[in-house]
Number of protein chains: 2
Amino acid sequence: MATRRDHLIDTALRLFYQQGYHATGIDRILAESGVAKMTLYKHFRSKDELILAALQLRDERFRNWLMAEMEAASPDPVERLLAMFDALEQWFLGRAFKGLGFSGCAFINAASEFADQSHPAHRLAAEHKVRVVEYLEKLCREAGLTDPRTTAEQLALLKEGAIATAQVRNMPEAAQSAKQMARVLLAAAA
Amino acid sequence: MATRRDHLIDTALRLFYQQGYHATGIDRILAESGVAKMTLYKHFRSKDELILAALQLRDERFRNWLMAEMEAASPDPVERLLAMFDALEQWFLGRAFKGLGFSGCAFINAASEFADQSHPAHRLAAEHKVRVVEYLEKLCREAGLTDPRTTAEQLALLKEGAIATAQVRNMPEAAQSAKQMARVLLAAAA
DNA sequence: ATATAAACAGACAGGTCTGTCTATTTGTCA
DNA sequence: TGACAAATAGACAGACCTGTCTGTTTATAT
């Protein structure tokens, strides 16, 4: 086990993701992690700071996972872009993050619970999405597309649509639907 | 003014939408609506029932608004489908629902806060999304598309992606980005 | 072994939450 | 005017919330 602090963030991330940020109480996190309350408040000033730490961990883990999946699929940038949707499908089916299941996107959820655009959690969510689209843009540029920025934004929008559809309607097949659309768009953008 | 009950639901919908379901307390709804607590519990068994009533109202208002916008745009079914994204843009800019602003999709938000698929609020959210896609499918069929079901699902996915992008990243222009993608897909589906 | 830091359990304060109750006022209709 | 229904204010219970505090135990490191 890593440090007490890491264990706390890990448990918090799991519960916040599965149950929501407001719906998850500090006491529950402490009970499930086996950490004392004073230890929490030694490492974090408040519950909000713990939420931010959990989101930062999620950003790191999610992007590392996604990039690894895409890069393992093929050396070709276009194939890598399309592989994103296969990775999403695995995620939707609960096969991506051990012990987490699929409860939508932690960042869409955060932006929804912390609606104010200037709330730190909402800003973290926006930053996460920007980082993902920047990675997609890099691949679009490697693929020699004429407008990598626009195509990356399109693919990112497809990703968000697939996530929301999979979560609300319980439709993991949204990933392949989005992949099919991505194929058409990539063909048109070549 | 309509009945006390309607006024209560209307205020609840506004606060739930702007601040979230868990984050909004009963007392706040009562204070802003000027209704007594016992009146609430005469009409609804619990806060959860009030949430469901608010979501039902939202479903009705949102679909009526969307269909009216699309049908006012043109008599042509394909044009109507494309007009959905112009309507979304107005919504994202806060010009659609008087006094509400834009805080994402009330149903995506609900599905996120009530993650359990069997929770009544989550089910209502899924039903809302299905009703929208059924309307899109009707238009796709009127347009004589070869696979109206698939195209309707694709357009619905674009809609969800635009909503999530507009909310998390504060990017109302996601609507036009999605419209451009819809054009390509509709051309390929003719 | 001993000093120092970290984590522990658990009580506590002060606030908020939902939901219930009583007693009073308002509104409506005949 | 008088009767009946609806809505009112406000107190209350019981649970939960975040965050603080005290005193004790456990690790670590020299």
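Within every chain, numbering begins at 1; the chains are lettered A, B, ... in the order of the sequence lines, protein sequences first and strands thereafter.
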Open item on the list: Please evaluate residues M84(A) and L66(A) with respect to the criterion side chain to side chain contact (heavy atoms under 4.5 Å, CB included), reporting the C-alpha separation (whole Å), side-chain torsions for both, the decisive distance (0.1 Å), and the verdict.
Closed with: CA-CA 7 Å; M84(A) 174 170 72; L66(A) 184 63; 4.0 Å; yes
Open item on the list: Tell me the interatomic distance from L30(B), atom CG, to dC17(C), atom C1', rounded to whole angstroms.
Closed with: 12 Å
- [ ] Provide, to the nearest angstrom, the distance between the CZ atom belonging to R28(B) and the P atom belonging to dG19(C).
- [x] 19 Å
Open item on the list: Exactly one of E160(B), E127(B), E153(B) should register a salt bridge (charged side-chain N to carboxylate O under 4.0 Å, His left out) with R169(A). Which one does?
Closed with: E153(B)
Is the terminal nitrogen or CZ of [X] (NZ for Lys, CZ for Arg) located under 6.0 angstrom from the six-membered ring centre of [Y] and within 45° of that ring's axis?
X       : Y       : value
R58(A)  : Y17(A)  : yes
R131(B) : F62(B)  : no
R63(B)  : Y135(B) : no

Open item on the list: Taking transitive links into account, so neighbours of neighbours count too, which hydrophobic residues share a cluster with L13(B) at under 4.5 Å side-chain distance?
Closed with: L8(B), I9(B), L15(B), F16(B), Y21(B), I26(B), I29(B), L30(B), V35(B), L40(B), Y41(B), F44(B), L50(B), I51(B), L52(B), L55(B), L57(B), F107(B), F114(B), L124(B)
Task: Nonpolar side-chain network containing V130(A), other nodes, edges under 4.5 Å - done: none
TODO: Sorted by first residue and then second, give each salt bridge (Lys or Arg N to Asp or Glu O under 4.0 Å) pair with at least one member in residues 64-86 of chain B; sequence neighbours left out.
DONE: D86(B)-K179(B)
TODO: Enumerate the residues from residues 9-26 of chain A whose closest heavy atom to DNA chain D is under 4.0 Å, giving them by residue number; use none for an empty result.
DONE: T24(A), G25(A), I26(A)
Task: Nucleic acid footprint by protein, nucleotides 7-16 of chain C - heavy-atom cut-off 4.0 Å, B for base, S for sugar-phosphate alone - done: SBB-------
- [ ] Please find the earliest and latest nucleotides of DNA chain D, in the 5' to 3' direction, that have an atom within less than 4.0 Å of any heavy atom of chain B.
- [x] dA7(D) to dA9(D)
Task: Min side-chain heavy-atom separation L158(A)-L185(A) under 4.5 Å - done: yes
Open item on the list: Taking the basic N atoms (NZ, or NE/NH1/NH2) and the acidic carboxylate oxygens, is any pair closer than 4.0 Å for D10(A) and R14(A)?
Closed with: no
